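Written below as structure tokens is the structure these notes are about.
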Amino acid sequence: MKFEELHLAPAILKAVQEQGYETPTPVQEQAIPIVLEGHDLLAGAQTGTGKTAAFTLPMLHKLTMSRSTPNKFGVYGIRALVLTPTRELAAQVEESVRTYGKYLQLSSCVIFGGVGMKPQIDRLKRGVDILVATPGRLLDLQQQGYVDLGTIQMLILDEADRMLDMGFIHDVKKILALIPAEKQSLLFSATFSQDIKDLAQNLLKNPQSIQVTPPNTTVQRIKQLAHPVGRGKKKALLAHIIQTHDWSQVLVFTRTKFGANSVAEYLNKQGISAMPLHGNKSQSARTQALEGFKSGEVRALVATDIAARGIDIDELPHVVNYEIPNVSEDYVHRIGRTGRAGSDGQAVSLVSLDEEGFMRDIEHFTHQTIEVQVVEGFGPEPDEKAEPIAMGRQTIWGGIGRAPSRDVMAAAAKAARFEMMERIKDKKLASPNKARPSQNNGPSRSTRPSRPNGDVNRERVFDPNQPSSPYARQSNPGARDGAHPAHKPSGAGRGGPARGNEQRGSFKPRGPARPGTGPSQPREGAHDAHHVPHAPRAHMMDEDYQPRENAHLGTHNGVNAFGHKNQNKGTSTPDPTRTSVDLMSERRGGGGNRPRGPKPAGGGFGGKRSGGGGGGRGGFGR
């Protein structure tokens with residue numbers, strides 16, 4: 001069958017032919033007619049079988065034949081939504097939309113996390129026909145009021161199994177609640193678990209199902225090998241394989257982010273250009289790593305499972321499982337990066353004794369027997385035994401046979417964490433932080449002379465000879481306007497020399513003083529704009545001064561414990577046993593140490609609850 005027989009628009013066929021495609025893949029041949037007829041679709045296809053074009057081509061055709069609908073913002077609304085689990089896959093799908101729709105009057109946009117929201121918001125405000133997004137960022141923009149999902153006509157879930165594995169099921173359900181019920185839904189997945197079947201049952205209406213290959217199997221054009229290896233020889237074996245076979249492009253999978261960094265660092269030391277790719281990397285760093293890998297500048301890309309989803313490289317020849325995944329579905333997705341679009345590929349797994357159980361589960365899951373080849377000099381030691389594998393705070397067992405006791409698993413986790421912390425500590429000691437040079441090329445922080453005021457963290461000592469406010473004008477003619485002379489050497493005013501390092505930390509005035517004001521006289525209106533505090537009273541400089549008894553209970557004759565006049569109360573003598581709690585209780589309508597009397601109806605903490613509360617503010621019934 002040719003693409004011309006699928007009855008696609010001429011503009012789409014022209015773009016497809018420019019990419020060098022003439023014959024559709026099996027999943028495209030079966031899925032495109034079903035989508036064009038308007039049916040919901042449940043498709044099972046492995047990565048690399050051309051499933052992106054299987055939904056992109058009919059989606060473009062259907063949108064071309066229909067009219068746009070304005071949304072609540074007054075621009076044409078989103079008519080097709082594609083949800084993907086990762087940023088890289090979202091970018092890949094949107095690139096395919098632009099490639100195949102280059103001759104169509106359709107607009108597209110991709111949104112995902114890790115980058116700024118403003119460019120994405122600006123693009124959405126202009127209106128888009130096709131939106132490719134990750135669930136998290138889409139919900140963020142929708143909750144902020146920038147996305148209207150009420151005009152969607154088609155919904156596509158790509159790699160739905162990975163989306164559920166990553167915990168996006170709740171976000172997906174929230175998005176489904178915002179989308180019209182009358183729509184066409186397509187669900188693509190490489191593996192089928194019970195969760196996928198439940199999601200399909202709730203999402204799809206009378207769907208058509210296609211299964212290109214047997215479920216949970218790998219592409220037959222991928223040659224799979226397994227190399228037994230000693231626990232401490234994996235890195236050396238990986239470098240040996242790459243250099244011996246002169247691989248120019250290899251994708252290496254690790255189980256953890258820390259492992260990806262460690263393997264990439266080792267390969268670089270061995271003369272093999274490598275870069276890590278994982279979730280802790282910024283979006284710009286991830287894009288740079290992918291571009292370098294595609295261009296050939298980077299020979300080895302070391303990635304984790306989540307970050308590698310969406311890596312679409314034509315004719316990627318080699319994939320290495322440096323660490324065997326403990327989830328069998330991940331193995332199918334990993335090796336699906338090679339052998340794409342009918343090309344040949346090779347998948348190599350480095351299996352230690354700790355992971356033999358994982359490989360056995362993978363063979364049972366894929367219904368295949370993987371060939372085993374021993375590389376001389378890199379096998380396990382004769383006395384080597386399987387040990388638990390520590391993954392962060394959890395410990396898993398991947399060896400053959402029964403798992404060890406809980407104490408052994410806990411000890412293995414503790415030893416792994418200690419080893420990781422030691423490596424981090426050694427790395428910090430190997431690359432100590434260098435002192436930063438001063439921005440004005442002055443002396444460094446360690447050699448800078450002390451400030452005139454001494455240590456800035458120590459308690460300031462009051463000097464009665466100095467003005468009371470740092471914001472008042474000073475009589476020192478050389479000081480800057482409003483600056484305290486103790487912190488400003490003479491000659492450093494407005495016309496003086498530039499401020500050097502020794503002047504850091506000096507007080508800055510809030511504004512220029514008006515002409516005619518005295519040394520300690522506040523300018524007119526200063527009480528409202530910049531309040532000038534009073535000079536400390538004499539008792540504050542007296543070390544032998546003791547406050548009166550029960551000073552914490554209130555004021556005495558309108559004067560508090562430090563002699564300040566109370567501005568809010570009169571001169572009546574209060575009860576020295578009353579506290580602020582009593583005052584609060586009086587205001588709320590009861591309680592405290594006040595004389596007992598009739599209680600206001602419904603008021604106070606002790607007010608009677610009646611019919612959901614009384615008329616007062618207090619009480620549990622309000």
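Note that the structure is predicted; figures quoted are calculated from it, not measured.
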Show every donor-acceptor pair shorter than 3.5 Å between a side-chain atom in residues 120-127 and any protein atom, with sequence neighbours excluded, or say none if there are none.
residue	atom	partner	partner atom	Å
Gln120	OE1	Arg137	NH1	3.0
Gln120	NE2	Phe112	O	3.1
Asp122	OD2	Lys118	NZ	3.1
Arg123	NH1	Gly127	O	3.2

Inspect the contact between Glu371 and Lys223 and indicate whether a charged nitrogen and a carboxylate oxygen are less than 4.0 angstrom apart. no
Contacts of [X] that satisfy salt bridge (Lys or Arg N to Asp or Glu O under 4.0 Å) - sequence neighbours left out:
{"X": "Lys234", "result": "Glu355"}
{"X": "Asp354", "result": "Arg231"}
{"X": "Glu94", "result": "Arg98"}
{"X": "Lys233", "result": "Glu381"}

Give the C-alpha distance, both sets of side-chain angles, the deciding distance and a yes or no for side-chain hydrogen bond (donor to acceptor under 3.5 Å, both in side chains) between Glu95 and Tyr100. CA-CA 9 Å; Glu95 183 180 359; Tyr100 298 131; over 6 Å; no
If you take all heavy atoms of Val319 and Leu316, which pair is closest and at what distance? CG2-CD2, 4.2 Å
Distance-only donor-acceptor check, side chains [X] and [Y], under 3.5 Å:
{"X": "Lys205", "Y": "Ser185", "result": "no"}
{"X": "Gln224", "Y": "Tyr331", "result": "yes"}
{"X": "Tyr21", "Y": "Gln28", "result": "no"}
{"X": "Gln153", "Y": "Lys62", "result": "no"}

So, does [X] use its side chain to make a donor-acceptor pair with the main chain of [Y] at under 3.5 Å?
{"X": "Glu4", "Y": "Pro10", "answer": "no"}
{"X": "Ser295", "Y": "Gly292", "answer": "yes"}
{"X": "Glu159", "Y": "Pro85", "answer": "no"}
{"X": "Ser273", "Y": "Glu297", "answer": "yes"}
{"X": "Thr254", "Y": "Thr304", "answer": "no"}

Residue list, side chain to side chain contact (heavy atoms under 4.5 Å, CB included) with [X], at least two apart or on another chain:
{"X": "Ile179", "answer": "Leu81, Leu149, Ile152, Leu155, Ile175, Lys183"}
{"X": "Val375", "answer": "His227, Leu237, His240, Phe378"}
{"X": "Gln288", "answer": "none"}
{"X": "Gln105", "answer": "none"}

Going through the checks in order, is the side-chain contact (heavy atoms from CB on, under 4.5 Å) test met by Phe293 and Gln249? CA-CA 7 Å; Phe293 187 57; Gln249 198 175 41; 3.4 Å; yes
Can you list everything that forms a ring-ring contact (aromatic ring centres under 6.0 Å, His included) with Trp247? Sequence neighbours excluded, please. His245, His318
With sequence neighbours excluded, give me every ring-ring contact (aromatic ring centres under 6.0 Å, His included) pair touching residues 135-189. Phe55-Phe188
Enumerate the side chain to side chain donor-acceptor pair (under 3.5 Å) contacts for residues 71-81, please, sequence neighbours excluded, ordered by first and then second residue. Ser66-Arg79, Arg79-Asp129
